[in-house]
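What follows is a set of notes on a single structure, which appears directly below.
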Number of protein chains: 2
Amino acid sequence: MARAGTTARKTRNQLEKRQAIFEAALDVFSEKGLRGATLEQVAKAAGLSKQNVVYYFNGKDAIYAELLESLLEVWVQPLRDMSADGDPLDEILTYVSRKVQMSRDMPRESRLFATEILHGAPRLGDVLPSELKALVDEKSAIIQGWMDAGKLAPLDPHHLIFSIWAMTQHYADFDVQVRSVLGPDRSATRFEDAEAFIKDMLIRTLRP
Amino acid sequence: MARAGTTARKTRNQLEKRQAIFEAALDVFSEKGLRGATLEQVAKAAGLSKQNVVYYFNGKDAIYAELLESLLEVWVQPLRDMSADGDPLDEILTYVSRKVQMSRDMPRESRLFATEILHGAPRLGDVLPSELKALVDEKSAIIQGWMDAGKLAPLDPHHLIFSIWAMTQHYADFDVQVRSVLGPDRSATRFEDAEAFIKDMLIRTLRP
DNA sequence: CGCAGGTTTTTGCGATTGGTCATATTCATC
DNA sequence: GATGAATATGACCAATCGCAAAAACCTGCG
C-alpha cells in the first residue's frame, strides 16, 4: 500500500487524482457542509470509489482540512495585493472589484469558508487570530495612513474592511436569497449591479 | 399516545416543553447545523430524553423546520416596521440599529438562517421568492420614493437593503472572525463600533 | 379515597447510514 | 514476470434515527 496521503513525494497521477477529489469535495462540502456530506458523494463526484478516496487521503476530515488550507492563500490574496503605493481610492475599489469577482467566480470557496467560520472555525486553528489578524492590521495601518494624510475620509479601517467583506461575500453566500428577492430578470446582472453599488457607496463614503 | 406534535390544541405543559425544545434546538442547530447536530444533543440541552423529544415533535427535521418557521416573522420584523411616513434617513438608521441589535442579542437565530440560506434554503420553501421578495419590493419602492423626492441620494434600493443585511449580520454570523481580527480589547465594543461605522457610512452615502 | 381515562416518560430494539479497515485483484512499468 | 501503485470487494463497527410497547404519572370524578 502506498498511502498517497501521507507520503510527501507524489507522482503526477496522484496529484491529478488528489486534484479531482479536491474539486469534487469543494462541490459537495460547499453545498452540504462537512457533516452533511458523505464520502460516497465526494467519491461519486470524483469518479472514484469511496475506499479509493480514502487511499488518496486519510479520510473525510483530512480532505476537508487540506481543502481549506489549500484555498486559504488564494482567498486572502486580493487583500495582500492592496498596496500602500497606489492611489488610495483606486486600491480600495480594485479590492472591491476583485472580491465581487471572486463571489461570482468562486462561490463554492466562499460558502466553504463561510460555513466554517459560521460554525466557529474549529479547523482554521489559530490562523484567524495570528495570520489573518496580522494581515488585516497591516492593511488597516495603510488605510489609516491614507486617512491621516487627508486622502480619505476618516473612518475605522478595520470595520471598513469588514464591511467590504460582508457586502461582497454576501452575493456568493446568500445567492439564493439575492436571486429570489431580485427576481429572474434583475438577477442576471446582480454581480455587475452589486459592484457598481458598493463602489458608489464607498466613493461617497471615503471622499475626504 | 398523544402525538403532541400533530394535534392543534396543546396544553400549557406541552407548550412549555415545546418551547424548551425550541430553545435547546436553537442552541444546538445554530452551532452545529442540522446534520451536525444529533437528537440526543438537543434532548440533553432541553433536559429531556431523546425519545421524549420525539414525542413532542415528529423527529429531528420537524423540529428544525418548525423552528425556522417560528423565527421567520421575528426576523423580518424590523424591515416590516420601516415606514414611509417617517424621516427617510431616520427610518433607515433605525433599521440599522435594530439589525445590529439583533446581531448582538440573537446571534443564534442569525446563524441559523445564514446556514440555511447558505445551503440553498431548501426548507424555506418558496418563502423567499414570494413573501420576502414582496416585502423587499414594497420597502424598496418606499426608498425609491424618497430618492425620487430628492430626500436621499439616488441608489439602487434593493442593493441598499442587501448591503445593510450583509454588514449587520456579518457581526453575528462571522463573530469568531471579527473577534479574532479585532483582538480582545477592541472586541469588547465591536457592536457599538459597527453600528456607528455603518450609520456613518450610510449617512455619507445617502446624503442627497 | 381510589380508580379510570388520558397524558407523559422510559425502556428496548430494529434498521439504516456512513466511515474505516483488511484483503484481494488488477494495472503499469521496467 | 517482478514490483510497486492503484483499484475493487467485502466486512465491520459505531452512531443515530425512529418506532412500539410498557411503565409511570397525573387528574378529574364518583
Side-chain angles (χ1 to χ4, degrees), chain A residues 1-68 119 122-123, chain B residues 1-25 27-29 31-68 119 122-123:
Chain A
M1 45 170 157
R3 301 244 96 331
T6 54
T7 46
R9 186 163 296 281
K10 309 199 177 61
T11 75
R12 166 152 191 74
N13 195 351
Q14 278 179 341
L15 288 177
E16 279 173 1
K17 286 286 169 63
R18 285 173 61 90
Q19 201 52 45
I21 293 173
F22 268 157
E23 175 65 22
L26 181 54
D27 250 21
V28 178
F29 285 146
S30 68
E31 191 181 337
K32 315 207 168 191
L34 172 58
R35 307 264 173 164
T38 74
L39 253 187
E40 204 157 292
Q41 291 171 326
V42 174
K44 190 177 179 184
L48 298 172
S49 75
K50 187 173 66 164
Q51 294 89 339
N52 200 13
V53 170
V54 177
Y55 170 76
Y56 284 99
F57 289 88
N58 284 335
K60 190 180 173 183
D61 288 14
I63 301 176
Y64 185 78
E66 290 194 41
L67 181 61
L68 266 187
H119 292 10
R123 334 220 159 218
Chain B
M1 44 168 158
R3 306 245 70 2
T6 55
T7 46
R9 185 165 296 282
K10 308 196 179 63
T11 74
R12 168 151 189 74
N13 194 351
Q14 280 177 340
L15 289 178
E16 278 174 0
K17 287 285 170 62
R18 284 173 62 90
Q19 201 53 44
I21 293 173
F22 269 156
E23 175 64 23
D27 251 20
V28 178
F29 285 146
E31 190 181 336
K32 316 208 168 189
L34 172 57
R35 306 267 174 165
T38 75
L39 256 185
E40 202 155 298
Q41 291 171 326
V42 174
K44 190 177 179 183
L48 297 172
S49 74
K50 183 178 68 168
Q51 295 84 346
N52 202 11
V53 169
V54 177
Y55 170 76
Y56 284 101
F57 289 87
N58 284 336
K60 193 178 168 182
D61 288 14
I63 302 176
Y64 184 78
E66 291 194 39
L67 180 62
L68 266 188
H119 292 7
R123 335 220 158 216

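For Leu39(B), whose side chain is taken as the heavy atoms from C-beta onward, the closest listed nucleotide among dT16(D), dG18(D), dG18(C) is dG18(D). Comparing dA6(D), dT8(C), dG18(C) by their nearest atom to the side chain of Lys17(B) picks out dT8(C).
Atom CD of Glu40(B) and atom P of dA15(D) are 11 Å apart (whole Å). Straight-line distance from the CG atom of Asp61(B) to the P atom of dT16(D): 15 Å, rounded to whole Å. The separation between Tyr64(A) atom OH and dG18(C) atom P is 18 Å, rounded to whole Å. dT26(C) atom P lies 16 Å from atom CG of Asn52(A), rounded to whole Å. The separation between Arg35(A) atom CZ and dT17(C) atom C1' is 15 Å, rounded to whole Å. What separates CZ of Phe29(A) from C1' of dG18(C) is a distance of 13 Å, to the nearest Å. In this structure, Glu16(A) atom CD and dA5(D) atom C1' are separated by 15 Å, rounded to whole Å. Counting to the nearest Å, the P atom of dT7(C) and the CZ atom of Arg18(B) are 15 Å from each other.
Scanning atom types as modelled, one donor and one acceptor separated by under 3.5 angstrom connect the side chain of Gln51(A) and the base of dG10(D). Contact of Lys50(A) with dG18(C) (side chain to base): no donor-acceptor pair of N or O atoms is detected under 3.5 Å.
No engagement by Ala62(B) is indicated, since no non-hydrogen atom pair under 4.0 Å with the nucleic acid exists.
Considering every non-hydrogen atom in both Ala20(A) and Ala46(A), the closest pair reads O-CB, 4.0 Å. Annotation for Pro122(B) and His119(B): closest pair CD-O, 3.7 Å, computed over non-hydrogen atoms. Smallest separation of non-hydrogen atoms from Phe22(B) and Ile63(B): CE2-O, 3.9 Å.
Taken from OH in Tyr56(A) to CD in Gln51(A), the straight-line distance is 13.5 Å, to the nearest 0.5 Å. Put simply, CD on Glu66(B) and CD1 on Ile21(B) are 10.0 Å apart, with the number rounded to the nearest 0.5 Å.
The shortest distance between the side-chain N/O atoms of Ser49(A) and the OP1/OP2 oxygens of dT7(D) is not below 4.0 Å. Residue Lys60(A) has no polar side-chain atom (N or O) positioned under 4.0 Å from OP1 or OP2 of dT20(C). In this structure, Tyr55(B) does not reach the dT9(C) phosphate: none of its side-chain N or O atoms is under 4.0 Å from OP1 or OP2. Dashed line: the shortest gap from a side-chain N or O of Tyr56(A) to OP1 or OP2 of dT7(D) is under 4.0 Å.
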